[in-house]
There are 2 protein chains.
Amino acid sequence: MPSTGQTIADAAATLGLTADTLRYYEKDGLLLRAVPRDPSGHRRYETADLRWIELVTRLRSTGMPIRDVRRYAELVRAGEGNEHERLALLQAHREEVLRQLAEVTAHLGAIEYKIGSYEDRLLQLERSA
Amino acid sequence: MPSTGQTIADAAATLGLTADTLRYYEKDGLLLRAVPRDPSGHRRYETADLRWIELVTRLRSTGMPIRDVRRYAELVRAGEGNEHERLALLQAHREEVLRQLAEVTAHLGAIEYKIGSYEDRLLQLERSA
DNA sequence: GAAGACCCTGGAGTGCGCTCCAGGTCAAGC
DNA sequence: GCTTGACCTGGAGCGCACTCCAGGGTCTTC
């Protein structure tokens with residue numbers, strides 16, 4: 001009978017992370033549970049683990065700090081009854097992401113203007129050459 | 001005759017940075033020139049300095065690493081003749097920013113979906129209460 | 001039963017981008 | 001002439017998020 005679930009190497013490849021990062025997330029309390037082990041003590045990631053970590057990577061890559069992800073994980077681990085707090089945490093993050101998107105977009109506009117002016121200048125030079 | 005230009009405190013306030021950060025940028029080669037000093041050795045930021053630093057903050061807050069900003073500053077300091085390289089640097093940054101915006105936007109979509117499901121769940125609870 | 005591949009733990013190390021001193025100079029106000 | 005406050009320099013320190021060992025176990029393959 002083959003062990004169920006993915007090895008840490010497979011999970012890392014699936015999720016686009018490294019094995020070190022997966023161990024670090026677990027040690028740091030970002031996961032919902034200790035990842036189950038096979039008889040020799042190696043981690044076997046199950047679908048539920050992978051799905052949760054996928055959410056973690058989404059929160060992380062939208063800029064949520066580790067400590068907030070941990071807080072959210074704590075709330076989920078605590079079980080039903082704190083849905084308002086979870087929602088508030090996600091909504092606050094959403095607002096922050098929207099703020100950042102707006103800021104980056106605005107700055108990008110100014111940078112693209114500068115790119116345009118370089119392109120124009122180089123075009124002029126070519127034409128006059 | 002009053003000294004011309006802004007003090008470091010004023011410049012920091014104008015730009016939304018700290019005095020420490022301004023000194024750090026200068027020491028690290030992100031500026032186009034050593035900021036001019038008043039007779040007692042204090043920095044006086046002139047309009048040209050402030051405008052350049054404003055560009056630096058735009059590059060920084062769209063995620064360009066310090067070392068790339070420094071590289072761009074070096075090109076501009078080197079004077080005319082490297083416009084292609086400057087343009088390439090900015091274009092590469094633009095592509096990276098667009099990639100990130102797309103990624104964040106996609107992840108945000110998934111997070112908003114989750115927010116929606118919490119809102120629905122809480123609404124159900126209220127209704128049944 | 002030796003070699004190689006994979007995994008384990010605890011803990012140290014790294015890169016980035018600031019941020020914060022300590023100790024000192026200088027100009028203005030009382 | 002003394003305090004106060006803003007600024008100076010060089011350099012140490014910090015928070016974050018990993019990343020990288022050293023030393024050791026286990027499983028498979030030959």
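Taking the six-membered ring where the residue is Trp, A:Tyr72 and B:Tyr118 present perpendicular rings, their angle passing 60° and hence far from 30°.
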Sub-3.5 Å pairs of nitrogen or oxygen atoms, protein against nucleotides 4-9 of chain C:
| residue | atom | partner | partner atom | Å |
| --- | --- | --- | --- | --- |
| C:dC7 | OP1 | A:Thr7 | OG1 | 3.3 |
| C:dC7 | OP1 | A:Ala9 | N | 3.3 |
| C:dC7 | O4' | A:His42 | ND1 | 3.4 |
| C:dC8 | OP1 | A:Arg43 | N | 2.9 |
| C:dC8 | OP1 | A:Arg43 | NH1 | 2.8 |
| C:dC8 | OP2 | A:Arg23 | NE | 3.0 |
| C:dC8 | OP2 | A:Arg23 | NH2 | 3.1 |
| C:dC8 | OP2 | A:Arg43 | NH1 | 3.4 |
| C:dC8 | O3' | A:Arg37 | NH1 | 3.3 |
| C:dT9 | OP1 | A:Arg37 | NH1 | 3.4 |
| C:dT9 | OP1 | A:Arg37 | NH2 | 2.9 |
| C:dT9 | OP2 | A:Arg43 | NH1 | 3.1 |
| C:dT9 | OP2 | A:Arg43 | NH2 | 2.9 |

Can you pull every protein N or O that's under 3.5 Å from an N or O on nucleotides 16-20 of chain C?
| residue | atom | partner | partner atom | Å |
| --- | --- | --- | --- | --- |
| C:dC16 | OP1 | B:Arg67 | NH2 | 2.7 |
| C:dG17 | OP1 | B:Ile66 | N | 3.4 |
| C:dG17 | OP2 | B:Ile66 | N | 3.4 |
| C:dC18 | OP2 | B:Tyr25 | OH | 3.1 |
| C:dC18 | OP2 | B:Arg60 | NE | 2.9 |
| C:dC18 | OP2 | B:Arg60 | NH2 | 3.0 |
| C:dC20 | N4 | B:Asp20 | OD1 | 3.4 |

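Contact check of residues 94-103 of chain A against DNA chain D (heavy atom, cut-off under 4.0 Å) returns no residues at all.
With salt bridges taken as basic N to acidic carboxylate O contacts below 4.0 Å, none links A:Arg43 and A:Asp49. A salt bridge links B:Glu96 with B:Arg99: the closest approach of a Lys/Arg side-chain nitrogen to an acidic carboxylate oxygen falls below 4.0 angstrom.
For the side chain to side chain donor-acceptor pair (under 3.5 Å) test, residues two or more places apart in sequence or in another chain that qualify with A:Ser40 are A:Asp38.
Under the 4.5 angstrom side-chain criterion for Ile, Leu, Val, Met, Phe, Trp and Tyr, the cluster partners of B:Val97 are A:Val97, A:Leu98, A:Leu101, A:Val104, A:Leu108, B:Leu98, B:Leu101, B:Val104, B:Leu108.
Atom CG of residue A:Asn82 and atom CG of residue A:Leu89 lie 10.5 Å apart, to the nearest 0.5 angstrom.
Other residues, nucleotides and ligands contribute over 12 non-hydrogen atoms within 6.0 Å of the CZ atom of B:Arg77.
Residue pairs meeting the salt bridge (Lys or Arg N to Asp or Glu O under 4.0 Å) criterion with at least one partner in residues 114-127 of chain A, sequence neighbours excluded, are A:Arg121-B:Glu83.
The shortest side-chain heavy-atom distance between B:Asp68 and B:His93 does not fall under the 4.5 Å cut-off. At a threshold of 4.5 Å between non-hydrogen side-chain atoms, the residues B:Tyr24 and B:Leu30 do not count as touching.
The distance from atom CD of B:Glu26 to atom P of D:dC7 is 14 Å, rounded to the nearest whole Å. Put simply, CG on B:Asp28 is 14 Å from C1' on D:dG10, counting in whole angstrom units. Here D:dT19 presents its C1' atom at 13 Å from CG of A:Leu22, a figure rounded to the nearest Å.
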